[in-house]
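Below: the structure, in structure tokens.
Computation of the quantities below employed the complete heavy-atom set of this structure, encompassing side-chain atoms and omitting hydrogens, waters and symmetry-equivalent molecules.
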Amino acid sequence: MARAFLVVMDSVGIGGAPDAGAFFNGTLPDTGANTLGHIAAACAAGQAEEGRSGPLHMPHLDRLGLGAALKLASGAEAAGLGAAPQGRWGAATEVSQGKDTPSGHWELAGLPVPWEWHYFPDETPAFPPELSAEVARLAGTEGILGDCHASGTAIIEALGAEHCATGEPICYTSADSVFQIAAHEEVFGLDRLLKLCEDIAPRLHEMKVGRVIARPFTGEAGAFERTANRRDYAIMPPKPVLTNWVQNAGGRVYAVGKIGDIFSMQGIDELRKGPDARLMEHLQDLVAEGEEGSLTFANFVEFDSIYGHRRDVSGYARALEWFDAKIGKVIAALREGDMLLVTADHGNDPTWAGSDHTRERVPVVIAGTGAGELGQLGFADVAALVAAHLGVAVPG
């Protein structure tokens, strides 16, 4: 029996989305956004980091077809990403009307989102008064702080001290379909924050808001830091997805990173979490230990959460090179009959205006199943490829 490892490099888009003009960062459309292509160009031009010279170095994924997928998706050629592919490779286009985590992951797992998400307006206040009042009631406070679109790191810097003084939760959103609540782990309490998010999530899900996200932080004024205890409360997929297909066929399903949150633990037997460095250790362990017939579904979020949203080109480039070096060891440890498929869920071009995700195609590169071009795919074809490798039937 075979095993499959589906790995999502969160936000590592490769440009070329045909409908990018319908998606915006502020007033600027996403037309021309290209996360990987623009980072590679910045590296080659010496603009990614002071004192750095030379192209983006990702030899392992490039040998699988990463550079070829970039060119197929957007026509871009990048210095350092020109190897002749030795894996199977292609570029995938999304049909769901979102450029966010649930849309991308659900569709990669075989389920395009069957509705339009609810988004909060980019104005202050951003939330309906009755929603804000309900959050305050559940929190046991006079009101809430924030009530606006914001960067998560910027808003805790701006409002963290007031939060610690008043106890009122910091509530904010973004261009994604999210409702985020930040609170101090000691002052407000981590368990209290998680309970607040869990209690308000059903109301937001009824509104078709994709996720309620707990954003705990610690520290003191001027030195607040978000912790690794983030938790996402996502709408449950309305139909079975890849994880269910594999589990129902008798295979064990491992979730690494925020996959368990994204799919509300549906079809998942075991969850392993932590920062990206720890997630890579989990992935390496599962390559060594995972059962025959199993699926490991992993998300590496820090490309997006730490570097993309903060428009940190040099940090993003370093993260890509770190990931490539580590995934090279994973590839070397695969057993005969294993499939490792590496892809992404959307873009987050750090050279682009604004701080939101960007609408892009994503790479699909595969180790362990031979070589050859897959061409232009849909996101849902990723689930079909994994299911076919495991011998699992795709419903419908």
Subject >> Crowding at CD, E289 (>12 non-hydrogen neighbours, <6.0 Å) >> reply: yes

Original post:
Rounded to the nearest 0.5 Å, how far does NZ of K71 lie from CD of E77?
Top reply: 4.0 Å

Original post:
Can you find a heavy atom in the side chain of S314 that is under 4.5 Å from one in the side chain of Y307?
Top reply: no

Subject >> Crowding at CD, E220 (>12 non-hydrogen neighbours, <6.0 Å) >> reply: no

Subject >> S177 side chain to Y119 backbone, donor-acceptor under 3.5 Å >> reply: no

Original post:
Does D62 reach the main-chain N or O of M58 with its side chain, forming a donor-acceptor pair under 3.5 Å?
Top reply: no

**OP:** Take W89 and L64 through the test side chain to side chain contact (heavy atoms under 4.5 Å, CB included) and record every step on the way to the result.
**Re:** CA-CA 7 Å; W89 59 275; L64 292 182; over 6 Å; no

Original post:
Donor-acceptor pair, T35 side chain versus N348 backbone, under 3.5 Å?
Top reply: yes

Original post:
How many angstroms lie between atom CZ of F24 and atom NZ of K99, to the nearest 0.5 angstrom?
Top reply: 9.0 Å

Subject >> Donor-acceptor contact below 3.5 Å, side chain D147 vs main chain F127 >> reply: yes

Original post:
Where is the tightest heavy-atom contact between V8 and D345, given as atom of each residue plus distance?
Top reply: CG1-N, 3.9 Å

Original post:
Just how far is it from atom CZ of F323 to atom CG of D276, taken to the nearest 0.5 Å?
Top reply: 8.5 Å

Subject >> Listed once per pair and sorted, the side-chain hydrogen bond (donor to acceptor under 3.5 Å, both in side chains) pairs that draw on residues 167-176, sequence neighbours left out >> reply: D176-H357

Original post:
If you take all heavy atoms of V12 and A344, which pair is closest and at what distance?
Top reply: O-CB, 3.3 Å

Original post:
Side-chain contact, heavy-atom cut-off 4.5 Å: P59 with D324?
Top reply: yes

**OP:** Please list, chain by chain and in numerical order, all residues satisfying side chain to side chain donor-acceptor pair (under 3.5 Å) with E292, sequence neighbours excluded.
**Re:** R335

**OP:** State which residue, out of F5, W245, F263, fulfils the ring-ring contact (aromatic ring centres under 6.0 Å, His included) condition with F297.
**Re:** F263

**OP:** State the CD1-NE2 distance between I331 and H60, to the nearest 0.5 angstrom.
**Re:** 7.0 Å

Subject >> F217 and H163 aromatic centres sub-6.0 Å >> reply: yes

Original post:
If we only count heavy atoms from C-beta on, is the P350 to D312 side-chain gap below 4.5 Å?
Top reply: no

**OP:** Check whether any side-chain N or O of R361 sits under 3.5 Å from a backbone N or O of G16 as a donor-acceptor pair, and report yes or no.
**Re:** yes

Subject >> Test item: D199 and K195 side chains (from C-beta on) under 4.5 Å apart, heavy atoms >> reply: yes

**OP:** Determine whether E107 and V95 make a side-chain contact, defined as any pair of heavy atoms from C-beta on separated by less than 4.5 Å.
**Re:** yes

**OP:** Give a yes or no on whether the backbone of D304 and the side-chain of D10 come within a donor-acceptor separation of less than 3.5 Å.
**Re:** no

Original post:
Is any side-chain N of the basic residue among E281 and R278 closer than 4.0 Å to the acidic one's carboxylate O?
Top reply: yes

Original post:
Taking atom CD of E270 as the centre, does the number of heavy atoms from other residues, nucleotides or ligands within less than 6.0 Å exceed 12?
Top reply: yes

Subject >> T358 and D349: side chain donor to acceptor below 3.5 Å >> reply: no

Original post:
Between R359 and E94, is there a salt bridge with N-O shorter than 4.0 Å?
Top reply: yes

**OP:** Assess the side chains of S294 and R3: does a donor N or O sit below 3.5 Å from an acceptor N or O?
**Re:** no

Subject >> Derivation of the salt bridge (charged side-chain N to carboxylate O under 4.0 Å, His left out) call for D261 and R211 >> reply: CA-CA 9 Å; D261 292 337; R211 289 176 294 163; over 6 Å; no

Subject >> Backbone of L279 reached by a side-chain donor or acceptor of R272 within 3.5 Å >> reply: no

Subject >> Side-chain H-bond candidate by donor/acceptor type, Y316 with S11, under 3.5 Å >> reply: yes

Original post:
Around K208, counting heavy atoms of other residues, nucleotides and ligands shown, do more than 12 lie under 6.0 Å from its NZ?
Top reply: yes

Original post:
Under 3.5 Å, is there a donor-acceptor pair between the side chain of E360 and the main chain of I14?
Top reply: yes

Subject >> Side-chain (R226) to main-chain (I156) donor-acceptor, under 3.5 angstrom >> reply: no

**OP:** Quick one: do L194 and Y233 satisfy side chain to side chain contact (heavy atoms under 4.5 Å, CB included)? Show the steps, please.
**Re:** CA-CA 9 Å; L194 299 181; Y233 297 83; 3.5 Å; yes

Subject >> Interatomic distance, N299 atom CG to K258 atom NZ [nearest 0.5 angstrom] >> reply: 5.0 Å

Original post:
Is the side chain of R311 donor-acceptor paired with the backbone N or O of W352 at a distance under 3.5 Å, no angle test?
Top reply: yes

**OP:** In sequence, state the C-alpha distance, the side-chain angles, and the governing distance for L6 and V382, and then conclude on side chain to side chain contact (heavy atoms under 4.5 Å, CB included).
**Re:** CA-CA 9 Å; L6 173 54; V382 168; 3.7 Å; yes

Original post:
Are side-chain heavy atoms of L81 and L36 found at a separation under 4.5 Å?
Top reply: yes

Subject >> K273, NZ atom: more than 12 neighbouring heavy atoms under 6.0 Å >> reply: yes

Original post:
Are R203 and E206 close enough for a salt bridge, meaning some N to O gap below 4.0 Å?
Top reply: no

Original post:
Do I200 and I181 have side chains that get closer than 4.5 Å, going by heavy atoms?
Top reply: yes

Subject >> Sub-4.5 Å side-chain heavy-atom contact between L193 and N229 >> reply: no

Original post:
To the nearest 0.5 Å, how far apart are CD1 in I366 and NE2 in H389?
Top reply: 9.5 Å

Original post:
Between W106 and S96, is any side-chain donor less than 3.5 angstrom from a side-chain acceptor?
Top reply: no

